[in-house]
Amino acid sequence: MTNFRDLALKSTRPSRPEPPIRRSAVVKSRVLANFPDVVAIYQKCFAKSPMSFWLDSSATIEGVSRYSILGSGEGPLAEFVSYRVSEQKLNARFAEKPDDLPFNFNLGYVGFLGYELKADLLGANAHTSRTVDAAMLFVDRAVVIDHELKNCYVLALAADDNDQSAELWMDAIAQCVESLTDSDPAPGEPPVLVPAPDV
């Protein structure tokens, strides 16, 4: 442990800024009656957005791997953040997870952290990526599919309890999802993935 302490004390990096003050928000949710095909939901509700995403678990863990999470960065509270090693500033938001949700996904950031970030942790930056070293999308609206119980959840982040934009979006996405036939697969080829913009 002493060698790690000595390395940290010798570091010439500037001190980290104070973490930002958390801004609270409210997560609203509802469960829809039907269970359409996940591909159909993605193609009809999200695929046209350049910031759309579809998350599935890469591990098989009982009670955890049963969810697919679909969404895009088009909500009023959404933001896209990219990062290079030479920059060190991110904004943070915080929202409590509603007690009635059976999963841990609570809206917030989705994205990736590249191997080059090791340079921020006193490691050597042996490679320079052609793309950004990290990219995060703050998601304020999403659909979560429970493949085990065959439930479809709609989530929206609201600035406060009086924010009606979240309810209006939930109504619109519920109508979109419920217009799909239960377990009706989407026609055609799966969507082509487009790289995230370098901003």
>> Less than 4.0 angstrom from a charged side-chain N to a carboxylate O is my criterion; do D171 and R30 meet it?
In response: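 Looking at R30 together with D171, the answer is yes, because their closest N to O distance falls below 4.0 Å.
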Pairwise side-chain contact, [X] with [Y], heavy-atom cut-off 4.5 Å (strictly under):
| X | Y | value |
| --- | --- | --- |
| D163 | V26 | no |
| Y67 | L55 | no |
| R141 | K28 | no |
| L155 | L101 | yes |
| L157 | F138 | yes |
| Y109 | L137 | no |
| K150 | I145 | no |
| V177 | C45 | yes |

Considering all heavy atoms of both residues, which atom of [X] and which atom of [Y] are nearest to each other, and what is their separation?
| X | Y | result |
| --- | --- | --- |
| A156 | W169 | CB-CE3, 4.0 Å |
| P102 | Y153 | CG-OH, 3.3 Å |
| V38 | S68 | CG1-CB, 4.3 Å |
| G73 | S49 | N-OG, 4.4 Å |

> According to the interplanar angle, ranging from 0 to 90°, do the rings of W54 and Y42 count as parallel (below 30°), tilted (30 to 60°) or perpendicular (above 60°)?
Replying inline: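 The rings of W54 and Y42 sit tilted, inter-plane angle from 30° to 60°.
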> CG/L32 to CD/Q175 distance, rounded to the nearest 0.5 angstrom?
Replying inline: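 Answer rounded to 0.5 Å: 11.5 Å.
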> Once you round to the nearest 0.5 Å, how far does OG of S29 lie from CZ of F103?
Replying inline: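 Going from OG on S29 over to CZ on F103, the span is 7.0 Å.
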> Pick from V39, D56, I41, V144: which one makes a side-chain contact (heavy atoms from CB on, under 4.5 Å) with L70?
Replying inline: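 For L70, the side-chain contact (heavy atoms from CB on, under 4.5 Å) test succeeds with only one of V39, D56, I41, V144, which is I41.
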>> Just by distance, no angles: are the side chains of K44 and S179 close enough, under 3.5 Å, to form a donor-acceptor pair?
In response: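 S179 and K44 do have a side-chain donor-acceptor pair below 3.5 Å.
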> With hydrophobic residues grouped by side-chain heavy-atom distances under 4.5 Å, do I173 and L168 end up in a single group?
Replying inline: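 No; L168 is not reachable from I173 via cluster members.
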> Can M51 and V139 be said to form a side chain to side chain contact (heavy atoms under 4.5 Å, CB included), step by step?
Replying inline: CA-CA 10 Å; M51 292 288 182; V139 177; over 6 Å; no
